[in-house]
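In what follows, every chain begins at residue 1, and chains take the letters A, B, ... in the order their sequences are listed.
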Amino acid sequence: MSAQGVGASVLRKEDFRFVTGRGRYTDDINRPGQAHAFFLRSPHAHATINRIDHAAASKMPGVVAIFTGDDIAADKVGGLICGWMIHSKDGSPMKAGAHPALAQGKVRYVGDHVAVVIADTYAQAREAAEKIVVDYGVLPAVTDTADAARTGAPQVHDIAPNNTVYNWHIGDKGATDAAFASARHVAKIDLVNNRLVPNAMEPRAAVGEYDDASDGLVLYTTSQNPHVARLVLSAFIGLAPEHRFRVIAPDVGGGFGSKIFIYAEETVCVWAARKVRRPVKWTADRTEAFLSDAHGRDHVTHGELALDAAGKITAMRVRTTANLGAYLSTFSSCVPTYLYALLLSGQYNIPNIYAEVDAVYTNTAPVDAYRGAGRPEASFLVERLMEIAARETGKDPAEFRRANFITAFPHQTPVILAYDAGNFAASLDSALKLADYANIGKRKAASAAQGKLRGIGFSAYIEACGIAPSAAVGSLGAGVGLWESAEVRVNPIGTVEILTGSHSHGQGHETTFAQLVSGRLGIPFENVSIVHGDTDKVQMGMGTYGSRSGAVGMSAIVKALDKIEAKARKVAGHCLEASPDDIEFRDGKFTVKGTDKSIDFPSVALQAYIAHKFNGQDLEPGLKESAFWDPTNFTFPAGVHICEVEVDPATGVTTIEKWTAVDDFGNLVNPMIVEGQVHGGIAQGVGQALFEGAVYNTDGQLVTASFMDYQMPRADNLPFYDVGTTNTPCPSNPLGIKGCGEAGAIAAPPAVINALTDALGHEDIAMPASPLAVWRAARKTMAMKTAAE
Amino acid sequence: MAMTMKGEVALPADRQTVWAKLNDPDVLKACIPGCQSLEKSGENGFTAVVKLKVGPVSATFKGNVELSDLDPPNGYRISGAGEGGIAGFAKGGATVSLSDAEGGGTLLSYDVEANVGGKIAQLGARLIDGVAKKNADQFFANFAENVKAG
């Protein structure tokens with residue numbers, strides 16, 4: 001390991017720019033002649049649009065144009081799409097309701113896009129929007145996940161009777177039912193996985209621009225995957241062909257999944273730019289982010305776990321209803337199916353699994369992938385069931401898990417996935433030690449002496465990420481392949497530009513990717529720059545989500561570097577008058593084996609470009625290679641998190657006293673950045689468990705539409721974490737990386753709730769476990785204690 | 001987002017007088033907080049323009065006010081709905097009933113429910129509840145003043 005190569009905790013290159021205000025975000029970009037867009041949004045959750053009168057608004061100062069769904073239809077702008085086909089049990093395709101960028105005839109959630117006003121300034125656009133008169137025919141709304149498919153519920157899309165998008169299932173129902181019939185013990189749970197608002201620090205923004213010289217479009221936008229945005233806007237929405245369409249995602253301040261998707265506002269900005277022949281800019285305010293960013297989670301689930309007499313799991317049965325909101329967002333359909341049910345085996349040997357998932361429409365914002373996407377929902381269910389099963393059968397929760405761990409790899413689960421490597425017991429052992437589990441009894445007694453309730457909760461999570469082999473996801477219904485691309489451009493003086501299809505929106509790629517290249521080529525870390533987020537510069541790439549930039553994005557760079565090295569050897573061979581096979585490359589130097597004849601990497605780069613030492617017909621000049629890497633499997637990060645809480649029954653306040661995280665991410669590129677990812681993920685998971693919850697009332701009004709009513713976790717809600725790692729290299733990519741971006745958010749919620757229920761002595765608490773909810777639950781605990789005495 | 005409020009107010013006038021005032025557009029206009037105009041649009045209907053401030057949002061609501069379930073001189077239902085442009089919408093109503101108060105005068109009881117949507121609903125329940133209660137209290141306080149003044 002070199003000082004700045006793979007494995008070193010190098011400080012992040014990009015942070016100086018970010019913390020000194022020199023980042024360049026979409027809202028920092030202003031184009032000559034730029035106009036501003038304001039979106040008039042529906043105040044109703046469900047209504048027909050009988051008439052829109054914008055005559056008076058059009059005459060307001062500064063107004064350039066006002067467009068509605070009629071204009072979108074007249075221009076034949078395609079609807080927003082969902083790119084993953086799910087089939088129901090009966091083989092029928094999912095029911096995808098039309099999703100125009102501006103509403104046509106009907107609005108389906110509060111915040112739905114009714115009209116866009118484009119004016120010289122944002123204030124003028126907003127003022128003019130006040131003058132638009134919309135005649136709504138208000139309809140009853142459906143908002144409740146569990147209630148949406150009820151006969152007689154208000155219907156969101158005509159195409160989807162009973163608001164049902166699909167009735168999907170996976171696994172062997174007969175074998176699972178048979179295993180339950182002969183079970184010694186069955187643990188059951190009914191749970192709600194609460195709806196979350198992503199709340200990236202930077203809200204979404206877009207600047208659309210039309211270039212009349214080339215008849216082309218440019219879109220600056222907050223995207224995690226600019227090439228996919230261009231593909232969808234070109235091939236499906238039909239705004240311009242890809243070769244005349246440039247999408248630029250500059251610095252992006254957090255995504256968590258919410259910036260994967262192709263939304264109405266960005267689409268309208270670039271479409272309208274051509275109509276008004278001026279650049280059009282829009283930046284969401286925080287309320288718009290609450291209303292219109294794709295939300296996360298929102299499941300209602302019944303789960304059961306069957307045990308035999310020895311305490312071994314024999315089967316799992318799951319029934320989930322997933323709320324996908326008013327329209328199918330870009331990848332929404334795969335989240336509660338393939339990203340959820342495929343993880344139901346957890347870290348455990350479960351011979352039989354059967355899961356049914358019904359996805360429903362409601363009059364709420366669309367729901368799509370949010371940090372973890374399906375896997376937090378799976379791990380919450382599995383780990384809550386494991387804890388309850390251990391408690392009900394009088395077993396230690398750690399040892400009950402250990403007894404059911406998968407120990408031999410590769411392991412084929414009953415739900416498609418084949419885990420390639422892991423050592424679950426190693427993580428558990430390490431976590432038990434770090435958490436001082438041996439003395440939890442003493443700590444509980446000390447809390448009890450002060451009238452407090454202390455509990456400890458486990459979460460032995462697994463996730464499938466680094467998504468993923470293209471052929472595999474294709475067979476599951478994905479509309480795209482999930483490889484990644486990289487291009488390595490060596491400049492004549494030996495500096496290197498890496499053009500990657502991955503996109504950094506907080507992950508630190510400028511640092512970690514440079515570490516990889518610096519170590520491999522033996523050149524200074526500072527001499528490597530990372531280019532990403534611009535479809536005119538970078539070849540087709542798939543972007544960043546699903547903890548894939550390391551496992552897939554960096555693997556593509558490795559493949560390109562392999563080609564660079566092979567070519568550089570040939571150039572070095574000519575320079576050193578030796579066969580490339582006799583040349584070894586180490587620490588940035590090409591040396592003829594067994595001699596002191598050598599040439600360094602920058603000199604080889606120069607020789608490659610001046611091409612004086614070789615015949616340009618035999619060997620191409622230049623030193624630039626590209627590669628596409630398609631992984632052979634998902635990666636399977638796994639670990640054990642242990643949360644210890646203390647509850648004050650008098651106030652309902654839950655204090656997290658201790659947090660232990662031992663994760664197996666395979667090989668680490670930058671341990672400091674990995675630890676940061678773990679910290680952030682845990683904070684988001686704790687947020688879901690204790691604070692966050694998006695709530696719609698029965699009218700479909702979002703009553704948690706600001707930080708006054710939607711509580712984010714704060715620094716003083718969180719403890720100092722004890723973080724450890726175990727290391728089982730991933731065999732499915734050249735770097736042995738598994739990915740770490742989502743782990744904390746997947747691991748944390750069940751750890752918190754298992755700790756809380758341990759403290760409370762009963763299972764009657766839901767997320768978010770707010771002080772009020774915990775206070776109520778603690779009263780039940782006190783009543784149970786009194787009754788027992 | 002629905003809110004409900006109940007209350008009663010003692011008025012120093014007989015039931016017939018109170019009833020007449022409850023049906024007088026000028027009195028209603030003077031009593032509805034922020035009411036800028038109230039014009040008769042039918043036998044028991046009015047068009048209204050009301051300016052309301054909820055926290056940071058100030059909006060002019062245009063809509064209709066309707067009197068129904070008229071039971072002179074015992075009570076009625078007054079209801080209204082208005083659109084406030086990008087501020088959202090408000091609708092609501094009150095069941096008003098009159099009875100003879102002990103020791104003379106009239107006791108007016110009201111049962112209000114109000115509903116808001118869009119931007120003003122997004123401001124959060126704590127803010128909205130307070131504003132709705134304040135406006136309902138204000139209306140009946142204004143009305144009591146008006147009755148007192150004769």
Among [options], residue most engaged with chain B (heavy-atom pairs, under 4.5 Å):
{"options": "A:Leu291, A:Val114, A:Ile132", "result": "A:Leu291"}
{"options": "A:Thr698, A:Thr287, A:Leu40, A:Val110", "result": "A:Thr287"}
{"options": "A:Arg126, A:Glu130, A:His44, A:Met708", "result": "A:His44"}

Is the number of heavy atoms from other residues, nucleotides or ligands within 6.0 Å of [atom1] ([X]) greater than 12?
{"X": "A:Lys106", "atom1": "NZ", "value": "yes"}
{"X": "A:Glu288", "atom1": "CD", "value": "yes"}
{"X": "A:Arg776", "atom1": "CZ", "value": "no"}
{"X": "B:Lys53", "atom1": "NZ", "value": "yes"}
{"X": "B:Lys40", "atom1": "NZ", "value": "yes"}

Which atoms of A:Phe290 approach chain B - backbone, side chain, both or neither, heavy atom under 4.5 Å
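When you check distances to chain B, no heavy atom of A:Phe290 falls under 4.5 Å.
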
Would you name the heavy atoms of A:Asp709 and B:Leu123 that are closest together and state the gap between them?
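What the structure gives for the nearest pair is OD2-O, 3.9 Å.
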
If you take all heavy atoms of B:Gly88 and A:Pro43, which pair is closest and at what distance?
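In terms of heavy atoms, the two residues are closest at CA-CB, 3.8 Å.
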
Do the non-hydrogen side-chain atoms of A:Phe38 and B:Ile86 ever get within less than 4.5 Å of each other?
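With C-beta onward as the side chain, the pair touches.
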
Is it true that a side-chain atom of B:Gln122 and a backbone atom of A:Val703 form a donor plus acceptor pair closer than 3.5 Å?
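Not a single qualifying donor-acceptor pair exists.
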
Contact origin within B:Lys62 toward chain A - heavy atom pairs under 4.5 Å:
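It is neither, since no heavy atom gets under 4.5 Å.
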
